[in-house]
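Working notes, beginning with the structure itself.
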Amino acid sequence: MGQNTTYHDLCDSVFSKVKDYGLVELSEDVAFGVILEYLEPAIIMFSGCPQDLYDKDDELGEFNFQLSQKNFQILSNYMVICYLDANYIRTGEMLKSHLSSTDFHKYDNKDTLGKVKEIRQMYKDENDQLMINYSYPSSSIFDAVINRGKH
């Protein structure tokens, strides 16, 4: 049996995806704590996971099993989405509604909010595709789409 997936493994994966977003200035322990706050919301978002994401040990900081590669990737992506939502998108949207257009553009350096939304959408699209792959591999429709034009 493989080794249990640790929260640290997940956070390392998230760090690699958000390394350009201000976490680099934080100590590793503080950054780990910041990212770990997004584990629970990510678990809620990944409600269709075939593995029980609530089967975990918060004291040890690990799941009581090894996440499959696909589930690890999806959960990591959801953590990134939650992080971007909380730290950039919701904050940016709130500022946009409270600041004049001119003031907001001074704050929103080179349309950061737009770029972050694009990145968030990229991770959401990737997760949507991974979730679709869960749903259809055993269906004839999936086979027809995958094998289209190969006959």
Side-chain angles (χ1 to χ4, degrees), residues 1-101 103-139 142 146:
M1 185 171 141
Q3 193 176 18
N4 292 348
T5 301
T6 67
Y7 298 172
H8 208 280
D9 295 336
L10 268 172
C11 288
D12 281 345
S13 174
V14 173
F15 290 144
S16 72
K17 296 172 185 177
V18 296
K19 61 182 173 248
D20 298 332
Y21 291 101
L23 286 171
V24 290
E25 289 120 30
L26 303 175
S27 74
E28 187 177 341
D29 287 345
V30 171
F32 176 78
V34 167
I35 293 301
L36 195 55
E37 291 178 24
Y38 302 101
L39 177 59
E40 287 300 321
I43 287 172
I44 292 167
M45 289 179 85
F46 193 7
S47 58
C49 183
Q51 291 180 293
D52 181 4
L53 298 177
Y54 292 100
D55 182 12
K56 58 188 178 52
D57 186 328
D58 291 336
E59 291 295 315
L60 291 176
E62 65 183 30
F63 290 89
N64 294 320
F65 56 89
Q66 185 172 25
L67 280 166
S68 71
Q69 284 186 317
K70 186 185 290 186
N71 291 341
F72 182 93
Q73 192 64 36
I74 292 170
L75 189 57
S76 170
N77 284 353
Y78 277 135
M79 289 174 75
V80 170
I81 289 168
C82 291
Y83 172 79
L84 293 175
D85 278 352
N87 291 283
Y88 292 91
I89 295 174
R90 289 190 189 125
T91 305
E93 293 291 354
M94 285 171 48
L95 279 173
K96 194 174 196 178
S97 67
H98 293 306
L99 296 175
S100 72
S101 178
D103 289 341
F104 180 74
H105 286 296
K106 285 181 199 165
Y107 160 78
D108 189 35
N109 188 15
K110 295 183 183 169
D111 194 28
T112 303
L113 181 59
K115 288 183 175 85
V116 171
K117 284 180 171 180
E118 285 175 27
I119 291 165
R120 181 199 185 278
Q121 189 61 46
M122 178 188 74
Y123 283 111
K124 186 178 179 319
D125 290 348
E126 182 179 326
N127 271 8
D128 288 348
Q129 186 58 53
L130 290 167
M131 296 295 283
I132 287 168
N133 293 350
Y134 262 137
S135 305
Y136 295 107
S138 57
S139 82
F142 185 80
I146 295 299

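Excluded from the calculations below are hydrogen atoms, water molecules and symmetry mates; all remaining heavy atoms, backbone and side chain alike, are included. These numbers come from a predicted model, not from an experiment.
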Can you list the residues that meet the salt bridge (charged side-chain N to carboxylate O under 4.0 Å, His left out) rule with Glu40, with sequence neighbours excluded?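 Partners of Glu40 under the salt bridge (charged side-chain N to carboxylate O under 4.0 Å, His left out) test: Lys56.
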Identify, with sequence neighbours excluded, every residue that meets side chain to side chain donor-acceptor pair (under 3.5 Å) alongside Asp125.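 Applying side chain to side chain donor-acceptor pair (under 3.5 Å) to Asp125 gives Gln121.
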Contacts of Asp57 that satisfy side chain to side chain donor-acceptor pair (under 3.5 Å) - sequence neighbours left out: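 Not a single residue meets the side chain to side chain donor-acceptor pair (under 3.5 Å) criterion with Asp57.
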Point-to-point distance, once rounded to the nearest 0.5 Å, from [atom1] of [X] to [atom2] of [Y]:
X: Gln51; Y: Ile74; atom1: CD; atom2: CD1; value: 10.0 Å
X: Leu36; Y: His8; atom1: CG; atom2: NE2; value: 10.0 Å
X: Leu53; Y: Asn71; atom1: CG; atom2: CG; value: 7.0 Å
X: Leu84; Y: Lys124; atom1: CG; atom2: NZ; value: 14.0 Å
X: Tyr78; Y: Ile44; atom1: OH; atom2: CD1; value: 12.5 Å
X: Met79; Y: Phe15; atom1: CE; atom2: CZ; value: 8.5 Å

What are the two closest non-hydrogen atoms of [X] and [Y], and how far apart are they?
X: Cys82; Y: Ala42; result: SG-N, 3.9 Å
X: Gln3; Y: Gln66; result: O-CB, 3.1 Å
X: Leu75; Y: Leu10; result: CD2-CD1, 3.6 Å

Might you confirm whether atom CD of Glu28 has over 12 heavy atoms from other residues, nucleotides or ligands at distances under 6.0 Å?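 Open: at most 12 neighbouring heavy atoms sit under 6.0 Å from CD of Glu28.
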Between Tyr38 and Tyr83, how do the two ring planes meet: parallel, tilted or perpendicular, split at 30° and 60°?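 The rings of Tyr38 and Tyr83 stand perpendicular, inter-plane angle above 60°.
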With no hydrogens and no angle check, is any side-chain donor or acceptor of Asp12 less than 3.5 Å from a backbone partner on Asp9?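 No; judged by distance alone, with no hydrogens or angles, the pair does not exist.
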Please check this pair: side chain of Ser13 against backbone of Ser76, looking for a donor-acceptor N/O pair closer than 3.5 Å.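 Looks like no, no N/O pair under 3.5 Å.
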Any side-chain heavy-atom pair from Tyr7 and Asp58 closer than 4.5 angstrom?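 With C-beta onward as the side chain, the pair touches.
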